[in-house]
Amino acid sequence: AQSVAQPEDQVNVAEGNPLTVKCTYSVSGNPYLFWYVQYPNRGLQFLLKYITGDNLVKGSYGFEAEFNKSQTSFHLKKPSALVSDSALYFCAVRDIFNKFYFGSGTKLNVKP
Amino acid sequence: NAGVTQTPKFRVLKTGQSMTLLCAQDMNHEYMYWYRQDPGMGLRLIHYSVGEGTTAKGEVPDGYNVSRLKKQNFLLGLESAAPSQTSVYFCASGETGLREYFGPGTRLTVT
């Protein structure tokens, strides 16, 4: 069965510092992996995806994610956090039937 | 190009009442999805559709029904609402291998 785990409910980081939001996955076959961000009272917005190719994927707003097949991880990263990055982040995996499975979400708090 | 829209944005129901949530997309996507979002549980797939006239069950389908009579619309119905269905409901659409586009959500409270 497909599943996604986000082991941290919350991540706190100071503005200007690098940030990492962790995600591990379990999927049959090749993984199609995604990160989405949700701001308060809004729908989810797409950040980036990994389908194939380079293990480092660049996305919107300066975010990137590193795919690690041996560790079955897809951690979201940003070199320098902004206060405006504070939001809820979801990792997701898509199966061969085009169904998406989401993690439970990680709340990112960036403090000035 | 409005993307994905949801109607209504908010609704309060009493236990046992019924209602239909409407999702519309103008991107000609084949796939459409209904999720519910509850605190600490992420998004859980209720039902989805791989094309006009098709529907399939997701992770948490009980108590919900759906219909996809037109390609651009995906309806989610609650026949007899229960307090456990208090949640925020999101619709999404997409194509094979690509990202999903999400609607703004419907906040439903069942008292």
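Numbered from 1 within each chain, the chains take letters A, B, ... in sequence-line order. Hydrogens, waters and symmetry mates play no part in the numbers below; they use all other heavy atoms, side chains included.
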Can you tell me how far apart [atom1] ([X]) and [atom2] ([Y]) are? Round to the nearest 0.5 Å.
X	Y	atom1	atom2	result
A:Q45	B:R99	CD	CZ	9.0 Å
A:L44	B:Y101	CG	OH	14.0 Å
A:N98	B:Y33	CG	OH	4.5 Å
A:Y101	B:L43	OH	CG	14.0 Å

Under a single-linkage definition using a 4.5 Å side-chain heavy-atom cutoff for Ile, Leu, Val, Met, Phe, Trp and Tyr, are [X] and [Y] assigned to the same hydrophobic cluster?
X	Y	value
B:V66	B:V50	no
A:L19	A:L56	no
B:L22	B:L76	no
B:L45	A:F102	yes
A:Y39	A:L76	yes

A:Y36 side-chain N/O to B:F102 backbone N/O, donor-acceptor pair under 3.5 Å: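 Checked: no pair found.
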Over 12 non-hydrogen atoms of neighbours within 6.0 angstrom of [atom1] in [X]:
X	atom1	value
B:N65	CG	yes
B:E59	CD	yes
A:K22	NZ	no

B:Q37 versus A:Q38, closest heavy-atom pair with distance: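 Distance-wise, the nearest heavy atoms are NE2-OE1, 2.8 Å.
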Residues of residues 103-110 of chain A within contact distance of chain B, non-hydrogen under 4.5 Å: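 The residues closer than 4.5 Å to chain B, in numerical order, are A:G103, A:S104.
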Interchain contact, A:F90 with chain B, by part (heavy-atom threshold 4.5 Å): side chain
Part of A:Q6 lying under 4.5 Å from any heavy atom of chain B: neither
4.5 Å side-chain heavy-atom contact, A:N41 and B:R107: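 When only atoms from C-beta onward are counted, B:R107 and A:N41 do touch, with a gap below 4.5 Å.
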Sub-4.5 Å side-chain heavy-atom contact between B:Y48 and A:K99: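 Contact flag for B:Y48/A:K99 side chains = yes.
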